[in-house]
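The structure under discussion appears below in the form of structure tokens.
Any value given below was found using the heavy atoms of this structure, including those in side chains, with hydrogens, waters and symmetry copies removed. Remember, it's a predicted structure, so these values are computed and weren't measured experimentally.
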Number of protein chains: 2
Amino acid sequence: MSLKYSKQRQAIWDFLKDKDTHPTADDVYLHVRQEYPNISLGTVYRNLILLRDLGQLSTVDIGDGTLRYDPCVEEHDHFVCTKCGTVLDIRTDPCEHTKMIRNTEGIFPGVVTGCRVLYSGICPSCAQNSTDD
Amino acid sequence: MSLKYSKQRQAIWDFLKDKDTHPTADDVYLHVRQEYPNISLGTVYRNLILLRDLGQLSTVDIGDGTLRYDPCVEEHDHFVCTKCGTVLDIRTDPCEHTKMIRNTEGIFPGVVTGCRVLYSGICPSCAQNSTDD
DNA sequence: AATGATATCAGTAATCGTTACTGATTTTTG
DNA sequence: CAAAAATCAGTAACGATTACTGATATCATT
């Protein structure tokens, strides 16, 4: 596929491709640097942007000022834990979005094409820990 | 109420209080500067943050890297026009969020307390203009 | 009104995430 | 192998935001 050359790009993608942890650009940088110690942060950004433009990954903005990178490009929602900041995937019935969009178009005089939902609360791990004490 | 003194803070709030246009900090700065030509951008930021912490306004992140400020603190969604960037309020039936949250808790082993929805598409004004030609 | 304590200010420097620019290096293509 | 193109590392620039500075304004008390 489009990743013909550049070990660096390959390494970036290899790191990201199985992750559901929504790493930041810096997470990617710090990891790939273990294999390519003198890779540049700019290279990481450039390739992440490139891969996104190619439709190979998606970005998640949880509103904390740093973008997360997600190997999954299928439409899904996200959950952010208000305690530890972890970002998790939420996969509701796909037609929920369609319903929401249609519903919104009923009360809004514009054309609605997409919707992104960000849930917040306490993640399973933090909920577990708080019942421990 | 809590706005006892500081003409600057009053001016910031006066500008924002009736707006449904979701101004950025810079929008606020540029406007308040007409009345107080040497107000500092830092002052604008500090007071916007303060007012948010007091629960007097809310912030909206549409993912373009700049935060919007909204005098309305009641829960509501937003719509961003992919053509002109305008941010509009979307007020669906309030129990929709409750339903979404309950629905999500059914498939997610954590505690869900909130959800924010960002719709995107073409705003009424842009939709109008595109049918003109 | 004067005093001291506190809030707030303007101005500016620093920070952070991200993007753009540079000239050098690597890969592809013929 | 040579020329063209893609990519690189390194670093500078950028925009939004935050932190720091010493100066000024406001409040409460007398």
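- Rounding to whole angstrom units, CZ of residue R68(B) and C1' of dT17(D) are separated by 15 Å.
- In this structure, R68(B) places its CZ atom where more than 12 heavy-atom neighbours from other residues, nucleotides or ligands lie under 6.0 Å away.
- Distance, I49(B) CD1 to dA16(D) P: 15 Å, rounded to whole Å.
- Comparing the helix axis at one end of the helix from dA1(C)-dT30(D) to dG30(C)-dC1(D) with that at the other, each defined from 5 consecutive pairs, gives an inter-axis angle of 30° (nearest 10°).
- Nearest nucleotide to the Q8(B) side chain, out of dA9(D), dT7(D), dA10(C): dA10(C).
- Spacing between atom CZ of R33(A) and atom C1' of dG10(D) amounts to 13 Å, rounded to whole angstrom units.
- Look at CD1 on I62(B): it is 14 Å from C1' on dA16(D), rounded to the nearest Å.
- Judged by distance alone, with hydrogens and angles left aside, T66(A) brings no side-chain donor or acceptor close enough to the base of dG17(C) to form a pair under 3.5 Å.
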Can you check salt bridge (Lys or Arg N to Asp or Glu O under 4.0 Å) on R102(A) and E105(A), steps first, answer last? CA-CA 5 Å; R102(A) 217 172 304 160; E105(A) 282 197 308; over 6 Å; no
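- Rounded to whole Å, the distance from OH on Y29(B) to P on dT18(D) is 16 Å.
- Proximity note for S6(A) (side chain, C-beta onward) versus dT7(D), dT8(C), dT18(D): the nearest is dT7(D).
- Considering only side-chain atoms of S40(A), the nucleotide from dT18(D), dC8(D), dA9(D) that sits closest is dA9(D).
- Where K7(B) and G42(B) meet DNA chain D, the nucleotide closest to each residue was compared, and G42(B) sits on the side nearer the 5' end.
- The residues D89(B) and R91(B) are annotated as salt-bridged, a charged nitrogen and a carboxylate oxygen being separated by less than 4.0 angstrom.
- Atom-to-atom, OH of Y36(A) to P of dT26(C) comes out at 13 Å; the value is rounded to the nearest Å.
- Candidate nucleotides dT17(D), dC8(D), dA10(C) were compared by shortest atom distance to the side chain of N38(B), and dA10(C) ranks first.
- No side-chain N or O of D27(A) forms a donor-acceptor pair with one of H22(A) less than 3.5 Å apart.
- Minimum atom distance to the side chain of N47(A) is reached by dC8(D), of the listed dC9(C), dA9(D), dC8(D).
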Start with the C-alpha distance between S125(B) and T86(B), add both sets of side-chain angles, then the distance that settles side-chain contact (heavy atoms from CB on, under 4.5 Å), and finish with yes or no. CA-CA 10 Å; S125(B) 162; T86(B) 298; over 6 Å; no
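- Transitive grouping of hydrophobic side chains (ILVMFWY, heavy atoms separated by less than 4.5 Å) brings F15(B) and L51(B) into a common cluster.
- Residue contacts for L67(B): at a heavy-atom cut-off of 4.0 Å it reaches the sugar-phosphate backbone alone, with no base atom in range.
- Between dA10(C), dG10(D), dT18(D), one nucleotide has an atom nearer to the side chain of Y45(B) than all others, and that is dT18(D).
- Atom NZ of K7(B) sits in a sparse spot, with 12 or fewer heavy atoms from other residues, nucleotides or ligands closer than 6.0 Å.
- One can place CZ of R46(B) at 12 Å from P of dG11(C), the figure rounded to the nearest angstrom.
- In this structure, T43(B) reaches the dA10(C) phosphate: one of its side-chain N or O atoms is under 4.0 Å from OP1 or OP2.
- Using a 4.5 Å heavy-atom cutoff, the side chains of D77(B) and T92(B) are in contact.
- Atom-to-atom, CG of D26(B) to P of dG15(D) comes out at 11 Å; the value is rounded to the nearest Å.
- Here the nucleotide nearest the side chain of R9(B), chosen from dT17(D), dT18(D), dC9(C), is dC9(C).
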